[in-house]
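Right, one structure below, let's go through it.
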Amino acid sequence: MDANPMTYHPKSDFMRVMIERGFLADCTDYQGLDEALVNGVVPAYIGFDATAKSLHVGSLIQIMMLRWLQKTGHRPIVLMGGGTTKVGDPSFRADERPLLTPDQIDANIAGIREVFSAYVSFGDGPTDALLVNNAEWLDRLNYLDFLRDIGRHFSVNRMLSFESVKSRLDREQSLSFLEFNYMILQAYDFLELNRRYGCRLQIGGSDQWGNIINGIDLTRRVLDVEIFGLTSPLLTTSDGKKMGKSQQGAVWLNSEMLSPYEFWQFWRNTTDADVGRFLKLYTELPLEECERLGAAEGAAINDAKIVLANEVTTLLHGRAAAQAAAATARDVFEKGGVGDDLPTLALSADEIGDGLSIVQAFVRTGLAQSGKEAKRLMADGGARMNDADVTDPGLMITAADLAQPIKLSAGRKRHALVTLAG
């Protein structure tokens, strides 16, 4: 590296955005990449393994980088890891990922694919995005040919020196030969994307630095081309929590796995100290506006959080969904109503039978992860039904009680409805 993002003054729009808005952690060659971006369209890729049916909000920083890449005149390549998911990325993990079947991987790719059309435009033009599956080339590899043609370029000594591998071995946790191959396969992806689509840049989280360097070295050795790597910081919130997690679990991007209201509410609950930084990373508001809103204090910071929630939700789910979520929040918090857009558990009379326990109602609506957690919530005074405290875990909800929807609340900010189906 010949510079750092704090001192380098970029000429290209993309690098300027990356530095000014806080996307950039490291780059293999700031000046070389900057000049390439000025001189023409640079195709760049980010890889996403298909380990679940949706990406979660922890991937959103990379998705926004692809969006800015296209907005500044370059070509995003979304690489789906249909092949690499069969191995599983061991980076900074304590154990091996569960192996998925090909059908599970295909189903996950179909779910993940939905998100990207909200952020980038796909097509055949020079800056239109591509969606590619690395199973296209990895599934067809001949093992012996691959070892001879590709494997000879990798030093096991060097691979063992990467922090992602070292940390696993230092803890004396098993690293299978299958997982050890992952970094070679990811490096090969860069080679193939350069060969097929002229890809010149790989983007990833800073935990992918070693894998990115491998791909650059391999592609230079085999094809003798100049390519680049760029990483984003691994984000944590100001209170030290990993970005992408909430009290309820992962904050998924697909609406079938997390409602637009719950997504909106996640951003509305941002810690005061994170508002300005998140506005820069996850919205397209001008920098001056992000800084102004982020510096707000008192009641004004809550208004800034609503702006953040509205802008991020609009990018993913559309303006109408953001407005509906904001309206529901106003109804719930300001007017004490139930809100039309709250997460809803619809139960049939047969399901309710002689009654549903209040503990199970909290678990099934997702307001508690277990019956034990629901009971603790009640004991701590954090559980409410229709805005009245719930202290008796033996309380039963009957079909007659559901003549009108029941609002359950966990703390001040998490709510759900229970209704009678049909």
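As the structure is a computational prediction, the values presented were derived from the model and not from experiment. Residues take their numbers from the sequence shown, with the count starting at 1.
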Looking at side-chain heavy atoms only, is the closest gap between [X] and [Y] below 4.5 Å?
{"X": "L315", "Y": "Y119", "result": "yes"}
{"X": "E226", "Y": "D29", "result": "yes"}
{"X": "V363", "Y": "Q369", "result": "no"}
{"X": "E284", "Y": "W68", "result": "yes"}
{"X": "R268", "Y": "Q265", "result": "yes"}
{"X": "L235", "Y": "L281", "result": "yes"}
{"X": "F122", "Y": "L130", "result": "no"}
{"X": "I227", "Y": "L201", "result": "no"}

Ignoring hydrogens and geometry, is there a side-chain-to-backbone donor-acceptor pair from [X] to [Y] under 3.5 Å?
{"X": "S117", "Y": "E114", "answer": "yes"}
{"X": "H56", "Y": "V251", "answer": "no"}
{"X": "S121", "Y": "D128", "answer": "no"}
{"X": "S409", "Y": "G411", "answer": "no"}
{"X": "E262", "Y": "S259", "answer": "yes"}
{"X": "N310", "Y": "V307", "answer": "no"}
{"X": "S232", "Y": "F23", "answer": "no"}
{"X": "N254", "Y": "S54", "answer": "no"}

Salt bridge (Lys or Arg N to Asp or Glu O under 4.0 Å) between K71 and D13, worked out: CA-CA 9 Å; K71 284 171 69 73; D13 289 339; over 6 Å; no
Heavy atoms of other groups near D380 CG, more than 12 under 6.0 Å: yes
Ring centre gap for Y45 and F190 strictly below 6.0 Å: yes
Centroid-centroid distance, W267 to Y282, less than 6.0 Å: yes
Stepwise side-chain contact (heavy atoms from CB on, under 4.5 Å) check, V418 with T365: CA-CA 8 Å; V418 183; T365 55; 3.9 Å; yes
Working to the nearest 0.5 Å, report the span between [atom1] of [X] and [atom2] of [Y].
{"X": "D139", "Y": "N133", "atom1": "CG", "atom2": "CG", "answer": "8.0 Å"}
{"X": "L60", "Y": "R67", "atom1": "CG", "atom2": "CZ", "answer": "10.5 Å"}
{"X": "I212", "Y": "T231", "atom1": "CD1", "atom2": "OG1", "answer": "6.0 Å"}
{"X": "T219", "Y": "F228", "atom1": "OG1", "atom2": "CZ", "answer": "12.5 Å"}
{"X": "L185", "Y": "N211", "atom1": "CG", "atom2": "CG", "answer": "10.0 Å"}
{"X": "W209", "Y": "Q202", "atom1": "CH2", "atom2": "CD", "answer": "10.5 Å"}

How far apart are the closest heavy atoms of [X] and [Y], and which atoms are they?
{"X": "E373", "Y": "A368", "value": "OE2-CA, 3.6 Å"}
{"X": "P43", "Y": "I77", "value": "CB-CD1, 4.1 Å"}
{"X": "A44", "Y": "L66", "value": "O-CD2, 4.3 Å"}
{"X": "V41", "Y": "P126", "value": "CG1-O, 3.6 Å"}
{"X": "I397", "Y": "A361", "value": "CD1-CB, 4.0 Å"}
{"X": "A304", "Y": "V275", "value": "CB-CG1, 4.0 Å"}

N108/Q104 under side-chain hydrogen bond (donor to acceptor under 3.5 Å, both in side chains): CA gap, chis, key distance, verdict: CA-CA 6 Å; N108 289 348; Q104 288 174 315; over 6 Å; no
Do [X] and [Y] meet the criterion of a side-chain donor-acceptor pair at a distance under 3.5 Å?
{"X": "T314", "Y": "E311", "answer": "no"}
{"X": "S12", "Y": "D34", "answer": "yes"}
{"X": "Q208", "Y": "Q186", "answer": "yes"}
{"X": "N39", "Y": "E35", "answer": "no"}

Result block: side-chain N/O donor-acceptor pairs under 3.5 angstrom for residues 287-303, not counting sequence neighbours:
residue : atom : partner : partner atom : Å
E289    : OE1  : R292    : NE           : 3.2
E289    : OE2  : R292    : NH2          : 2.9

Member of D49, D189, T85 meeting the side chain to side chain donor-acceptor pair (under 3.5 Å) criterion with N134: D189
side-chain contact (heavy atoms from CB on, under 4.5 Å) between F48 and I63, worked out: CA-CA 10 Å; F48 300 89; I63 296 172; 4.2 Å; yes
Chi angles and distances behind the side-chain hydrogen bond (donor to acceptor under 3.5 Å, both in side chains) call for S59, Q62: CA-CA 6 Å; S59 297; Q62 275 88 41; 5.1 Å; no
Derivation and outcome, side-chain contact (heavy atoms from CB on, under 4.5 Å), residues L131 and R113: CA-CA 8 Å; L131 192 143; R113 190 189 301 260; 3.4 Å; yes
Lys/Arg N to Asp/Glu carboxylate O, E20 vs K280, below 4.0 Å: no
N-O pairing of R196 and E136 below 4.0 Å: yes
Plane angle bin for W264 and Y261 - parallel if under 30°, tilted between 30 and 60°, otherwise perpendicular: parallel
Evaluation steps, side-chain contact (heavy atoms from CB on, under 4.5 Å), between L69 and T127: CA-CA 9 Å; L69 184 84; T127 63; over 6 Å; no
